[in-house]
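Beneath this line is the structure, given in structure tokens, with notes to follow.
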Amino acid sequence: MPEDSCCRICCRGVYSCYWRHPSERKRKCSCSGLSVLTAVSLLTLFWMYVCLMAFNDREDVNWKAFSILKLWVNWFMVLIIISAVLTIYCTLLLVFALFQLALKEPLDLHCLHKFFLFLGVVFIALGIAGINQQWKEEWHTVLLSLQATAPFLQMGGVGALTLVSRLVFQGFHRSRGVASKILIMVAFAGASLAMFLSPLLIQSPCLVDVKRLPPKPALFGHRGAPMLAPENTMMSFRRSVGCNVTAFETDVQLSKDRVPYLMHDHNSHFLRRTTDVLQKFPGKDLNHSTNLTWEELQELNAGDWFLKTDPFRSVSQLSEQEKKTAGNQSVPSLLQLLDLAKTHNTSVIFDLKNDDNNDTYDTVQTILNSSIPHDKILWLPPRHREYVKKVAPGFKQVYNDVHEMNRDEADHLNVKYSALSTTEIRELRNRNVSVNLWVVNEPWLFSLMWCSGASSVTTNACSVLQDKNQPDWTMGPDTYRCIWITVDLGSLLIMFALFILKRRKCSALESRELSFFLPPE
């Protein structure tokens, strides 16, 4: 009986909650349990990857939750924390299982662990169902992310297969049946072949020589710089100037007395999230932007919510003076933004939330009455475009649909980052079409759009992206091919060596067992 070391006791206790030696209790068949644990661990890693790649669009989840619960909380961060805890738990459990194998201990997973694994599977299943029902376009982001991560995931997968091969070869040599040996080797060979040859399917715009790298995309400040100041306030737009943005992106609505002002939320969510309207005007109908006059809008505080909710976990980076300034922001007018844009020679692009004829007319008149150069206006609202072209021919017409842009023979496009493939972006750029992609916050996604050739990106994170002087990674195709072949060959050599060593070890063990049963001469 092997001596019970501290390592054995700890591994056995954590994994199975048994502290006695295995000979003192009934052994159980554990192959299926290990398979289930491995499958659940891989599932949690997959789910964690999905969550991390979807982090760029976390505000979509928070906004959806706010629209239902009327409570602004960073729900996506809650999801990330739960997913991270679940992934770490399952991964550590799998590590303990491997230790159990190495120590030749039985894999009797405790029922409490089985219960938690079941809860984890249910949680992930609900998450995947939620994405399919409410956020289906996010799967495009996950697929897109593989263009940035696949080369490195493949190398990591080869490394993992190399480590696992030791256990596979051990099981192969210990197996007595021919059929089981064939099954083990066919399954492992198939998985290895798929992993080794997967680079043949990997396509990434960042697999490019540095000399052929497109210019860095320009930055459009999404509602200003909302990580540094309350969104759609003058402080936010002034902070974005410091990030060297080339355009202010915003949202325009009109007050009861026809003054265009800046506010994203509308209809039933109007002003509730980013102002103190419920405290200032209790009982007032707030379901439409025209229910308040400009004078009433000026009474609202549009910054205190930012300090209280800290939507981007960035308030701690502000100085005391900046916090004080942020807490005293008011709802700005479009005219104020136009004056700021003219001062800094910055373009303005906006959505018109209530795009009826009167709103278009009043907004255009406000712009024409300002002194901003007309070519600094990137006109995005699709309705009444012909009217705008007629009265303001100097505005640059920006489209959110490729077919409409081609029909009007225009050359400015504004779409979500996942709406176009790398090939489509490059084809448009070759036609001298300006392609702006929204909303790009994460450095990996910005790097991918950079390699794809995007003209500009709309971002919440202008303070982060302005400092990037090159993509996260670029690699020449020939260089990647050499690395791929080298890694695969190295893995094959190590696997072959492990296979031979395991065969010799098992042969020696069988010889000793045979000599034990043979009578002495």
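In this text, all values refer to a predicted model and were calculated from it rather than measured experimentally.
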field: Other residues, nucleotides, ligands: >12 heavy atoms within 6.0 Å of Q279 CD
entry: yes

- prompt: Does F152 have its ring centroid less than 6.0 Å away from the ring centroid of W473?
  reply: yes

query: Roughly how far apart are D310 CG and Q317 CD, rounded to 0.5 Å?
result: 9.0 Å

Could you pull out all donor-acceptor pairs under 3.5 Å where a side-chain atom in residues 199-215 meets a protein atom, sequence neighbours excluded?
residue	atom	partner	partner atom	Å
S204	OG	Q147	O	2.5
S204	OG	C206	N	3.2

- request: Report yes if the side chains of V40 and V121 come closer than 4.5 Å at any heavy-atom pair, otherwise no.
  value: yes

side-chain hydrogen bond (donor to acceptor under 3.5 Å, both in side chains) between N414 and N400, intermediate numbers included: CA-CA 5 Å; N414 179 74; N400 53 22; over 6 Å; no

message: So, taking the atom named CG in L445 and the one named OG1 in T141, what distance separates them when rounded to the nearest 0.5 Å?
response: 7.5 Å

Test salt bridge (Lys or Arg N to Asp or Glu O under 4.0 Å) applied to D359 and R258, step by step: CA-CA 8 Å; D359 283 9; R258 312 308 297 165; 2.6 Å; yes

- request: Please confirm whether the backbone N or O of L352 pairs with a side-chain atom of D251, one donor and one acceptor, at under 3.5 Å?
  value: no

- request: Look at the side chain of E296 and the backbone N and O of T293, then say whether any donor-acceptor pair between them is shorter than 3.5 Å.
  value: yes

message: Quick check on Q365: does its CD atom have over 12 non-hydrogen neighbours (other residues, nucleotides or ligands) under 6.0 Å away?
response: yes

field: Side-chain heavy-atom pair F76, E59 within 4.5 angstrom cut-off
entry: no

- prompt: Are side-chain heavy atoms of K396 and D375 found at a separation under 4.5 Å?
  reply: yes

query: Out of F350, F220, F248, which one pairs with F237 under the ring pair (Phe, Tyr, Trp, His ring centres under 6.0 Å) rule?
result: F248

Interatomic spacing from CE in M77 to SG in C51 - rounded to 0.5 Å: 11.0 Å

- request: Show your reasoning for whether side-chain contact (heavy atoms from CB on, under 4.5 Å) applies to V464 and F446.
  value: CA-CA 10 Å; V464 176; F446 179 71; over 6 Å; no

message: Please check this pair: side chain of E231 against backbone of P226, looking for a donor-acceptor N/O pair closer than 3.5 Å.
response: no

- prompt: Does atom NZ of K280 have more than 12 heavy-atom neighbours from other groups under 6.0 Å away?
  reply: yes

- request: Could you pull out the closest heavy-atom pair between I425 and S452, with the gap in Å?
  value: CG2-O, 3.5 Å

- request: Without swapping roles, check the side chain of Q253 against the backbone of P260 for a donor-acceptor pair under 3.5 Å.
  value: no

- prompt: Which atoms form the tightest heavy-atom contact between S240 and A225, and what is the distance?
  reply: N-CB, 3.8 Å

- prompt: Does some side-chain heavy atom of Q397 sit less than 4.5 Å from a side-chain heavy atom of V388?
  reply: yes

message: Between S491 (side chain only) and V487 (backbone N and O only), is there a donor and an acceptor less than 3.5 Å apart?
response: no

Where L144 and Y417 come nearest, the two heavy atoms and their spacing: CD2-CD1, 3.8 Å

From W139 atom CH2 to L143 atom CG, the distance as rounded to the nearest 0.5 Å: 9.0 Å

query: Going by heavy atoms in the side chains, are W379 and T360 under 4.5 Å from each other?
result: yes

query: With a 4.5 Å limit on heavy-atom distance, are the side chains of K284 and L292 in contact?
result: yes

Please table the atom pairs, donor to acceptor, closer than 3.5 Å between any side-chain atom in residues 330-343 and protein atoms at least two apart or in another chain.
residue	atom	partner	partner atom	Å
S333	OG	Q336	N	3.2
S333	OG	Q336	OE1	3.4
Q336	OE1	S333	N	2.7
K342	NZ	S371	OG	2.9
T343	OG1	D339	O	2.9

field: Listed partners of K468 passing salt bridge (charged side-chain N to carboxylate O under 4.0 Å, His left out), at least two apart
entry: D472

field: Trace of the side-chain hydrogen bond (donor to acceptor under 3.5 Å, both in side chains) decision for N62 with R273
entry: CA-CA 11 Å; N62 293 336; R273 178 174 64 90; over 6 Å; no

task: Tell me, with the steps shown, if E442 and R58 meet salt bridge (Lys or Arg N to Asp or Glu O under 4.0 Å).
output: CA-CA 11 Å; E442 294 302 301; R58 58 192 179 276; 3.5 Å; yes

task: Go through the steps to decide whether W47 and S83 satisfy the test side-chain hydrogen bond (donor to acceptor under 3.5 Å, both in side chains), and finish with yes or no.
output: CA-CA 7 Å; W47 175 248; S83 301; 2.9 Å; yes

message: Check whether Y399 forms a cation-pi arrangement with R385 (NZ or CZ under 6.0 Å from the six-membered ring centre, at most 45° off the ring normal).
response: yes

query: Is the number of heavy atoms from other residues, nucleotides or ligands within 6.0 Å of OH (Y89) greater than 12?
result: yes

message: Strictly distance-based, threshold 3.5 Å: is any side-chain N or O of T149 a donor or acceptor partner for the main-chain N or O of L153?
response: no

query: Between N328 and G303, is there a donor-acceptor pair closer than 3.5 Å when you use the side chain of the first and the backbone of the second?
result: no

- prompt: Would one find more than 12 heavy atoms of other residues, nucleotides or ligands at under 6.0 Å from atom CD of E424?
  reply: yes

- request: Measure from the side-chain N and O atoms of T44 to the backbone N and O of S41, and report whether any donor-acceptor pair falls under 3.5 Å.
  value: yes

task: Search all heavy atoms of E249 against all heavy atoms of N232 and return the closest pair with its distance.
output: O-OD1, 4.5 Å

- prompt: Considering residues, nucleotides and ligands other than K64, do more than 12 of their heavy atoms fall under 6.0 Å from its NZ?
  reply: no

Partner of V78 by side-chain contact (heavy atoms from CB on, under 4.5 Å), out of I80, I82, N74: I82

task: Show your reasoning for whether side-chain contact (heavy atoms from CB on, under 4.5 Å) applies to N301 and T275.
output: CA-CA 5 Å; N301 183 301; T275 72; over 6 Å; no

From L119 atom CG to L86 atom CG, the distance as rounded to the nearest 0.5 Å: 9.5 Å

- prompt: How far apart are the C-alpha atoms of K389 and D408, what are their side-chain angles, what is the distance that settles it, and do they pass the salt bridge (Lys or Arg N to Asp or Glu O under 4.0 Å) test?
  reply: CA-CA 11 Å; K389 287 182 180 179; D408 291 355; 3.5 Å; yes

query: Counting N and O atoms only, with roles assigned by atom type, does the side chain of T233 sit under 3.5 Å from a partner on the main chain of P230, one being a donor and the other an acceptor?
result: yes

field: Distance (rounded to the nearest 0.5 Å) between I349 CD1 and I377 CD1
entry: 10.5 Å

query: Is there a donor-acceptor pair closer than 3.5 Å between any side-chain N or O of S455 and the backbone N or O of V435?
result: yes

- request: State, with a plain yes or no, whether a side-chain heavy atom of T246 is found less than 4.5 Å away from one of S347.
  value: no

Minimal non-hydrogen separation, M227 against N460, with atom names: CG-O, 3.4 Å

query: Does any non-hydrogen side-chain atom of W135 lie less than 4.5 Å from one of D60?
result: yes

- request: Determine the minimum heavy-atom distance between C243 and L228, stating which atoms define it.
  value: SG-CD1, 4.3 Å

